[in-house]
J.: 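Before anything else, here's the structure in question.
If you're wondering where the values come from, they're calculated on a predicted model, not measured in any experiment.
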Amino acid sequence: MPLLTSIRLQKLLAPSSSAYKSLLLRPTTTSLFLFTSIPALRRSFTAPPSTMADVAADSGMDAVQRRLMFEDECILVDENDRVVGHDTKYNCHLMEKIESLNLLHRAFSVFLFNSKYELLLQQRSATKVTFPLVWTNTCCSHPLYRDSELIEENALGVRNAAQRKLLDELGIPATDVPVDQFTPLGRMLYKAPSDGKWGEHELDYLLFIVRDVGVNPNPDEVADVKYVNREQLKELLRKADAGEGGLKLSPWFRLVVDNFLFKWWDHVEKGTLKEAADMKTIHKLT
């Protein structure tokens, strides 16, 4: 976009202007282009707020999950992982807004191994809004729109967020998982509906760490945990594929398993994780 045009649009679309308010209330492909193309507007962009009817319809949501849905501000990014704004966890997980506004947020998935090279898995709690009771990797969440979790150098913001959520979800003390011990191995972009209303559209950082830790799961977040070796994980995959016992795996975990996990596990055992890292590529998976 020519600089002069950009400057004129910034004046026209000042936050106090009727044009700016109109674009927020009636978002279109054009308005999203404007918000993400002009830095001054991009920094202020959030999706239109949910209506009172939307909120009322979710009155039965678990109180803890409801609070997190409206208090947590996720980081909106484009497909190249450039920050374009922020919005509530609620809006970022509504399939209607994901599809109509192409909302994409930054996320992370932690894979924690003990000294026996077993992978810690968790079963998400029954009260989770997206993918309740599915089994997944150690911890999956989002960096928030705050200074400490927006630091992009060496994925420090994401690593800070991972340390925070390992404590929140699994009771793992920060001293057990020092930030400098996480190895970012890659990034993937995926979209996955959960139940029709809710879903995920994430640019997910894949973080590996090898540590013996104390685990004290938070029941609001986690229903169960277990360590598995390779063969035990393969048996879980078989059961999930066969639908045995209603066992389900999260879609992001399955993508990592199918595309990366077992070859990266080799590097875990050899102590060569950094050799496997590729943070330049964004793998677009479905």
J.: Identify whether Tyr145 and Leu104 are in the same connected component of the hydrophobic contact network (ILVMFWY, side-chain heavy atoms under 4.5 Å).
T.: yes

J.: Below 4.5 Å, heavy atoms only, C-beta onward: do Thr183 and Trp264 meet side chain to side chain?
T.: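 Result no, sub-4.5 Å side-chain heavy-atom pair not found.
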
J.: Are Arg254 and Asp258 within salt-bridge range, i.e. N to O under 4.0 Å?
T.: yes

J.: May I ask whether Phe253 and Leu133 are part of the same hydrophobic cluster, defined by side-chain heavy atoms of I, L, V, M, F, W, Y residues being less than 4.5 angstrom apart, directly or through others?
T.: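 Unlinked, Phe253 and Leu133 end up in two clusters.
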
J.: Do Cys74 and Lys89 make a side-chain contact, defined as non-hydrogen atoms from C-beta onward lying under 4.5 Å apart?
T.: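 A side-chain contact under 4.5 Å exists here.
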
J.: Can you tell whether the side chains of Asp266 and Arg230 come within less than 4.0 Å, N to carboxylate O?
T.: yes

J.: Over 60° means perpendicular and under 30° means parallel, so classify the ring planes of Trp252 and Phe131, tilted if in between.
T.: perpendicular

J.: Is any side-chain heavy atom of Leu76 closer than 4.5 Å to one of Cys92?
T.: yes

J.: Do Gln181 and Val210 make a side-chain contact, defined as non-hydrogen atoms from C-beta onward lying under 4.5 Å apart?
T.: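 No; the side chains remain at least 4.5 Å from each other.
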
J.: For Trp198, does the six-membered ring have the charged nitrogen or CZ of Lys128 within the cation-pi criterion, i.e. under 6.0 angstrom from the centroid and within 45° of the normal?
T.: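 Because its charged atom misses either the 6.0 Å distance or the 45° angle limit, Lys128 does not stack over Trp198.
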
J.: Taking atom NZ of Lys191 as the centre, does the number of heavy atoms from other residues, nucleotides or ligands within less than 6.0 Å exceed 12?
T.: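 It does: Lys191 NZ has more than 12 such atoms within range.
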
J.: Give a yes or no answer on whether the side chain of Asp224 reaches the backbone of Gln123 with a donor-acceptor pair at less than 3.5 Å.
T.: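 Answer holds: no.
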
J.: How many angstroms lie between NE2 in His142 and NE2 in His105, if you round to the nearest 0.5 Å?
T.: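 One finds 3.5 Å between NE2 of His142 and NE2 of His105.
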
J.: So, Arg106 side chain and Asp81 main chain: donor-acceptor pair closer than 3.5 Å or not?
T.: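 Present.
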
J.: State yes or no: do Trp135 and Phe260 share one hydrophobic cluster built from I, L, V, M, F, W and Y residues joined by side-chain heavy-atom distances below 4.5 Å, directly or via other members?
T.: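 Same cluster: Trp135 reaches Phe260 through Ile, Leu, Val, Met, Phe, Trp or Tyr contacts under 4.5 Å.
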
J.: Surrounding CG of Asp147 (heavy atoms of other residues, nucleotides or ligands, distance under 6.0 Å), is the total greater than 12?
T.: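 Not more than 12 within 6.0 Å, no.
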
J.: Check whether any side-chain heavy atom of Val225 sits under 4.5 Å from a side-chain heavy atom of Gln122, and report yes or no.
T.: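 Result yes, sub-4.5 Å side-chain heavy-atom pair found.
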
J.: When you measure from the side chain of Arg124 to the backbone N and O of Thr130, does any donor-acceptor pair fall under 3.5 Å?
T.: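 Judged by distance alone, yes, a pair lies under 3.5 Å.
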
J.: If you group Ile, Leu, Val, Met, Phe, Trp and Tyr by side-chain heavy-atom gaps below 4.5 Å, do Leu112 and Leu206 land in one group?
T.: no

J.: Nearest 0.5 Å, please: how far is CH2 in Trp265 from OH in Tyr117?
T.: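 Tyr117 atom OH to Trp265 atom CH2 measures 12.5 Å (nearest 0.5 Å).
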
J.: Does NZ or CZ of Lys97 fall inside the cone over Tyr90's six-membered ring, less than 6.0 Å from its centre and within 45° of the axis?
T.: no

J.: Given 3.5 Å as the limit, does a donor-acceptor pair link the side chain of Asp204 with the main chain of Phe108, or not?
T.: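 Flag set: sc Asp204 to bb Phe108 pair under 3.5 Å.
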
J.: Ser250 side chain to Val134 main-chain N or O, any donor-acceptor pair under 3.5 Å?
T.: no

J.: Rounded to the nearest 0.5 Å, what's the gap from CZ on Phe113 to CD1 on Ile209? Could you check?
T.: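 These two atoms lie 11.5 Å from each other.
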
J.: Is a side-chain N or O of Asn154 found less than 3.5 angstrom from the main chain of Leu156, in a donor-acceptor match?
T.: no

J.: Using only atom types and a distance under 3.5 Å, with no angle test, would you say the side chain of Asn80 pairs donor to acceptor with the backbone of Arg82?
T.: no

J.: Working note: Lys284 + Glu79, criterion salt bridge (charged side-chain N to carboxylate O under 4.0 Å, His left out); need CA distance, chi angles, decisive distance, verdict.
T.: CA-CA 9 Å; Lys284 297 182 180 180; Glu79 291 194 353; 3.1 Å; yes

J.: In Å and rounded to the nearest 0.5 Å, what is the CD to CZ distance from Glu149 to Arg164?
T.: 4.0 Å

J.: Under 3.5 Å, side chain of Glu169 to main-chain N/O of Val222, donor-acceptor pair present?
T.: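 It does not hold such a pair.
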
J.: Can you find a pair of side-chain heavy atoms, one from Gln232 and one from Tyr227, that are under 4.5 Å apart?
T.: no

J.: Verify whether the ring centers belonging to Phe208 and His267 lie closer than 6.0 Å.
T.: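 No, ring centres 6.0 Å or more apart.
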
J.: Heavy atoms, side chains only, cut-off 4.5 Å: are His93 and Val129 in contact?
T.: no

J.: Does this structure show an ion pair linking Arg238 with Glu244, if we count only N-O contacts that are shorter than 4.0 Å?
T.: yes

J.: Is there side-chain contact between Ile172 and Arg211, with heavy atoms separated by less than 4.5 Å?
T.: no

J.: Are Leu120 and Phe182 connected into the same hydrophobic cluster when the rule is that any two of I, L, V, M, F, W, Y join if their side-chain heavy atoms are below 4.5 Å apart?
T.: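 Result: yes, single cluster for both.
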
J.: How long is the straight-line distance from CZ of Phe111 back to OG1 of Thr138, given to the nearest 0.5 Å?
T.: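 The distance works out to 7.5 Å.
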
J.: Which value, rounded to the nearest 0.5 Å, describes the distance between Asn137 atom CG and Ser109 atom OG?
T.: 4.5 Å

